[in-house]
Structures are given as C-alpha cells and as structure tokens.
Amino acid sequence: MRIAFLGTPDFALPSLEMLIGAEHELCVFTQPDRPAGRHGELTPPPVKVMAEQRGIPVRQFEKIRSAQGVAALRAFAPELMVTAAFGQLLSQENLDIPTYGCVNVHASLLPKYRGAAPIQWAIIEGERVTGVTTMLTELGLDTGDILLFEQTEIGPDETAGELFKRLSALGAKVLKETIERMQNGTLTRAKQDEALASKCRMINKEDGRIDFSQSAQKVHDLVRGANPWPCAYALLDGEPIKIWKTRMTQEPPAGEPGLCAVADPRRGLYVDAGDGLVEILEMQFPGARRMDAKTALLGHPLAGRRLR
RNA sequence: CGCGGGGUAGAGCAGUUGGUAGCUCGUCGGGCUCAUAACCCGGAGGUCGUUGGUUCAAGUCCUUCCCCCGCAA
C-alpha cells in the first residue's frame, strides 16, 4: 500500500520499521531539524534519521497544514496515512487526502489519557494497566473511532522510559494488525465512550516536583513516571536535587515529610513521605552526574536534613 | 562559539587571603564483641584533567585543549 508516515520521536521508530519491513511504498513526513543539545546544534528527528538510513524519502514541514505541506501530501497521493507521535495537528484538508483515511497509534487505552504525555501520566496516576490503541484520526484530539487496541500491565517499579519502549514496540504490532485487517476487510470501528474519556496535558519540569506530604506510593509513582523526563526532584536548601529511582518500604513515618530519616553510606537514604519511608536509590546533585544514593551520601551528609 | 557549574587517593566530596594535600566509604593488617549496617588501632594508595605561563613557591592566579553536568531549546 502507498502509505504516508507522519512521526517524529523514538516512539514512532518501531512502527516505521514495521512498515518498511512490510514493504509498503512509503514517504515520511516529519518535523524540521531542531536546535538541540548543549550547543544548540541542528538535530534531525529520529524518524528522519531512520528513514534516510533505509532509503525512504523524507519531507519536513513546520506545519503539515500549510499549503506546501498539503501539496506535498497530495503529490505523494497516499492510500493511507499513518501518524505516530507526529507532534503536529492535522487539518481536515490533510485528512481528506488519503483514500482510506488516517490511522493514529496512541500510547494509551482510549478514551483514557487522550493527549500529549499518556505514558508518563498513566504511571504518575498509579495505573496498573495501560496499552496502545489505533484509531481513525479526526479533527478532535484523539477522539476518532477506535480500531484495535492491546493492553499490558505496568510493573510496580516500571519507569516511563521502560514503558515507553514496550509501548512503542506494542504500537508497531497493533498497527501491523490494523493495516492487515484493513486490507482484508475484517477491521471494525467503535465510537469512543465520551463518559470514560480523560485528557492528559503535556508534562513539564514543574510536574517533577516531589511533594513528600503525599503517600509513599504517590511519591514513588511520580519518580517512576517522570523518569527519564522531566525527572522528579526536590529542593535541598533551594537547590534542585534530582531523584531518579526510589523503592517503597514498609517502614512507618519517622518525622516531617521530606526529612532524611536515615542517611548513611552503608544503610542508604530513607526519606519521610506522608505515610511511611521511601528509600531513594538513585539521585543527582547539581553539577554532578547521576549516582546511587549510597555513593552520593559519601560526600553529601544528609542525615536530619529536609527535602522540600 | 546560547547561559552556568565541575574535573583533587578505587568511589563521593573538602581544601580558607598562593607556602609540597584532608574527610567519608572502600581496601589491607591487627584488636574487641554472643553478635552487628557496630566500635578501636594501624597501613597502603594522589605527577591535584591537559598545555604553556606568572612566582622563591600554584590544587589555589592567567592561558590552550579535552571531558562531565545543569538550564535553555
């Protein structure tokens, strides 16, 4: 099939790779190269890198809705359009181009967690199950009819980064099946139940701020959901300390929220949360690299100090 | 050359106005204890990232380059 693939970051890679392997006639549309990294060097999006390596034509547009974007899509004349973490909104004009419409791969069990950062938010909100959904794109944000979905359990200590990898692979699998069934005519579509719908916003740095007056489970969920980005943190004397990994304990609370109840290079670092202690396993001081808490404690005496 | 922080014993850090380096953990040896994430005594281990310079003297001041981290994007 002639497929226009619209995607940008790593999440889209397994899906793109699957399409390449299935020998569809592809053209990739992605975002322009952006300044990135320490020196602001112009960096191509991951999807572009893969496409070029595999000899797939690539087109980049600031806005696919623009006249040029629409013209380029029309010129390719796709039968199907596939989006996976594209990062741009499509117009009705865009959606009208492919004969079979547009399929979106979304990293949640729709209609829950519509929007920008479903993987992080699902973990932060303590979900135990999530998944991937393919849907027919329409103008609303992730509101189109559901085609297929597959669910998966979230591990109790799983991070957003780890889940991200699993869901991107699962996304490729569900997309493959979606296209196959579309081709052999066994695909069905189901309206989303608006009553069950929820929207999640984009996640930002501030969302990583830990509130130690919340339960230990909440703190742990935030740390997992914010890893690797934006990364959970707390302030020590006004300085942000990044918290990369934590572990739930059965220990009862020992003092005020955020208090470093135990801070010993041999025993580890235990901090008070609302209803018990959380062990901090990996952390990062300003200017330093990320390290396990016991090591960090060697040069940073924290006993009795308080994270806020 | 977007802004800023940093490179000191195996590891994590400290080193005041320039005067041949300290702490914690680890490590090696010894001791104490029913026992210990405990404690005591002793030892080994550092060309202070790199280049050049200032100085009687530089981890500490200036300079070249390399690497790490944060912010911003």
Side-chain angles (χ1 to χ4, degrees), chain A residues 7-13 30-49 58 60-64 85-89 115-117 119-120 159-161 164 201-210 216 222-255 258-272 276-308:
Chain A
T8 305
D10 291 328
F11 181 81
L13 257 30
T30 188
Q31 307 250 25
D33 294 5
R34 306 273 190 211
R38 208 97 57 190
H39 302 291
E41 286 161 24
L42 223 49
T43 307
V47 160
K48 177 185 179 184
V49 174
V58 176
Q60 294 173 279
F61 294 96
E62 197 65 52
K63 286 190 175 178
I64 195 69
F86 180 43
Q88 286 186 30
L89 295 175
I119 300 174
Q120 283 104 320
T159 65
F164 197 93
R201 61 188 170 78
M202 203 174 289
I203 193 164
N204 61 44
K205 266 231 132 48
E206 207 31 50
D207 292 315
R209 177 77 179 271
I210 297 173
L222 175 62
V223 170
R224 296 188 296 133
N227 176 330
W229 199 89
C231 191
Y233 72 96
L235 299 183
L236 180 70
D237 292 335
E239 297 253 55
I241 310 297
K242 291 190 168 194
I243 309 295
W244 287 96
K245 251 182 169 42
T246 49
R247 185 178 69 82
M248 301 284 296
T249 75
Q250 304 304 318
E251 308 297 321
L259 180 75
C260 296
V262 176
D264 181 281
R266 273 179 291 236
R267 287 191 289 170
L269 178 58
Y270 292 78
V271 179
D272 258 299
L277 297 183
V278 173
E279 180 176 10
I280 292 180
L281 299 174
E282 264 182 58
M283 61 198 300
Q284 184 171 18
F285 282 87
R289 68 187 67 210
R290 164 182 180 175
M291 61 187 96
D292 65 273
K294 290 178 181 175
T295 301
L297 249 18
L298 290 172
H300 301 273
L302 293 183
R305 302 184 70 189
R306 201 170 160 196
L307 298 170
R308 293 171 191 278

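So that the names make sense, note that chain A is the first sequence line, chain B the second, and so on, each numbered from 1. Below, each value reflects all heavy atoms present in this structure, side chains not excepted, and no hydrogens, waters or symmetry copies.
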Trainee: What integer number of Å spans the C1' atoms of B:G7 and B:G49?
Mentor: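 It works out to 6 Å between them.
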Trainee: Once you round it to whole Å, what is the distance between P of B:A72 and CG of A:Leu42?
Mentor: 20 Å
Trainee: Identify the nucleotide, in any strand shown, that forms a Watson-Crick or G-U wobble pair with B:U17, with both distances under 3.5 Å; if there is none, say none.
Mentor: none
Trainee: Grab the CD-P distance between A:Glu239 and B:C69 for me, whole Å please.
Mentor: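 Value for this atom pair: 18 Å.
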Trainee: Is B:A37 paired to anything, Watson-Crick or G-U wobble with both distances less than 3.5 Å, and if yes, which nucleotide?
Mentor: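 Paired with no nucleotide.
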Trainee: May I ask which nucleotide in the shown strands pairs with B:U51, Watson-Crick or G-U wobble, both distances under 3.5 Å?
Mentor: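 No nucleotide pairs with B:U51.
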Trainee: Measure CG/A:Asp292 against P/B:C13 and give the value in whole Å, please.
Mentor: 12 Å
Trainee: A:Tyr233 OH to B:C71 C1': how many Å, rounded?
Mentor: 13 Å
Trainee: Is there a side-chain contact (heavy atoms from CB on, under 4.5 Å) between A:Arg305 and A:Asp237? Walk through the geometry before answering.
Mentor: CA-CA 9 Å; A:Arg305 302 184 70 189; A:Asp237 292 335; 2.2 Å; yes
Trainee: Relative to the 5' end of RNA chain B, which residue comes earlier, A:Phe285 or A:Gly299, by the nucleotide with the nearest heavy atom?
Mentor: A:Gly299
Trainee: Using the C1' atoms only, state how far B:C34 lies from B:G59, rounded to an integer number of Å.
Mentor: 49 Å
Trainee: Mind checking whether A:His300 and A:Phe285 have parallel, tilted or perpendicular rings, split at 30° and 60°?
Mentor: parallel
Trainee: Of the options B:G12, B:G70, B:U24, whose atoms approach the side-chain atoms of A:Gln284 most closely?
Mentor: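 Given the options B:G12, B:G70, B:U24, the side chain of A:Gln284 is closest to B:G70.
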Trainee: Is there a Watson-Crick or G-U wobble partner for B:C71 with both distances under 3.5 Å, and which nucleotide is it?
Mentor: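 The answer is B:G2, by the H-bond criterion.
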Trainee: Taking CG from A:Leu235 and P from B:C71, how many angstroms apart are they, rounded to a whole number?
Mentor: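 So the CG-P distance, A:Leu235 to B:C71, works out to 13 Å.
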Trainee: Compare the minimum distances between each of B:C13, B:C39, B:C69 and the side chain of A:Ala288, then state the nucleotide with the smallest one.
Mentor: B:C13
Trainee: With rounding to the closest Å, how many angstrom separate the C1' atoms on B:U50 and B:A14?
Mentor: 23 Å
Trainee: Work out which heavy atom in A:Leu259 is nearest to a heavy atom in A:Gly304; give both atom names and the distance.
Mentor: CD1-O, 3.5 Å
Trainee: In whole angstroms, how far is the C1' atom of B:G12 from the CZ atom of A:Arg290?
Mentor: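 It is 17 Å, rounded to the nearest whole Å.
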Trainee: Quick one: does A:Arg38 reach the base of B:G2 with a side-chain donor-acceptor pair under 3.5 Å?
Mentor: no
Trainee: Whole angstroms only, please: what is the CG-P distance between A:Leu298 and B:A14?
Mentor: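 Taking CG of A:Leu298 and P of B:A14, I get 13 Å after rounding.
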Trainee: Under 4.0 Å between a side-chain N or O of A:Arg267 and OP1 or OP2 of B:C25?
Mentor: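 Indeed not, no polar side-chain atom of A:Arg267 lies that close.
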Trainee: Can you tell me, in whole Å, how much space there is between the P of B:A38 and that of B:G45?
Mentor: 26 Å
Trainee: When you compare B:U27 with B:U16, how far apart are their P atoms, in angstrom units rounded to a whole number?
Mentor: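 Roughly 31 Å separates the two P atoms.
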Trainee: Is there a side-chain contact between A:Leu302 and A:Leu236, using heavy atoms and a 4.5 Å cut-off?
Mentor: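 When only atoms from C-beta onward are counted, A:Leu236 and A:Leu302 do touch, with a gap below 4.5 Å.
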Trainee: When the C1' atoms of B:U64 and B:C1 are compared, how many Å lie between them, rounded to an integer?
Mentor: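 Rounded to whole Å, the distance is 16 Å.
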Trainee: Hey, does A:Ala296 reach any base, or is it just sugar-phosphate, or nothing, if we go heavy atoms under 4.0 Å?
Mentor: sugar-phosphate
Trainee: Please classify the nucleic acid contact of A:Arg289 as base, sugar-phosphate, or nothing, using heavy-atom distances under 4.0 Å.
Mentor: sugar-phosphate
Trainee: What contact category does A:Pro35 fall into here, base, sugar-phosphate, or nothing, at under 4.0 angstrom with non-hydrogen atoms?
Mentor: base
Trainee: If we take the P atom in both B:C65 and B:C25, what is their distance in whole Å?
Mentor: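 Rounded to whole Å, the distance is 41 Å.
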Trainee: May I ask you to say what A:Gly37 touches in the nucleic acid, namely base, sugar-phosphate or nothing, with a heavy-atom cut-off under 4.0 Å?
Mentor: base
Trainee: Please tell me if the side chains of A:Pro286 and A:Ile241 come closer than 4.5 Å, counting only heavy atoms from C-beta onward.
Mentor: yes
Trainee: Could you tell me the separation between the CH2 atom of A:Trp229 and the C1' atom of B:A72, rounded to a whole number of Å?
Mentor: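 A:Trp229 atom CH2 is separated from B:A72 atom C1' by 12 Å.
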Trainee: side-chain contact (heavy atoms from CB on, under 4.5 Å), that's the test. Do A:Lys48 and A:Thr43 meet it? Break it down for me.
Mentor: CA-CA 10 Å; A:Lys48 177 185 179 184; A:Thr43 307; over 6 Å; no
Trainee: Measuring only the P atom in each nucleotide, how far is B:C23 from B:C41? A whole number of Å is fine.
Mentor: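 Comparing P positions in B:C23 and B:C41 gives a spacing of 13 Å.
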Trainee: Using a distance-only test with no angle check, is there a side-chain donor-acceptor pair under 3.5 angstrom linking A:Glu206 and A:Tyr233?
Mentor: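 Yes, side-chain donor-acceptor contact under 3.5 Å.
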Trainee: Between A:His39 and A:Lys205, name the one whose nearest nucleotide on RNA chain B is closer to the 5' end.
Mentor: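 Of the two residues, A:His39 wins.
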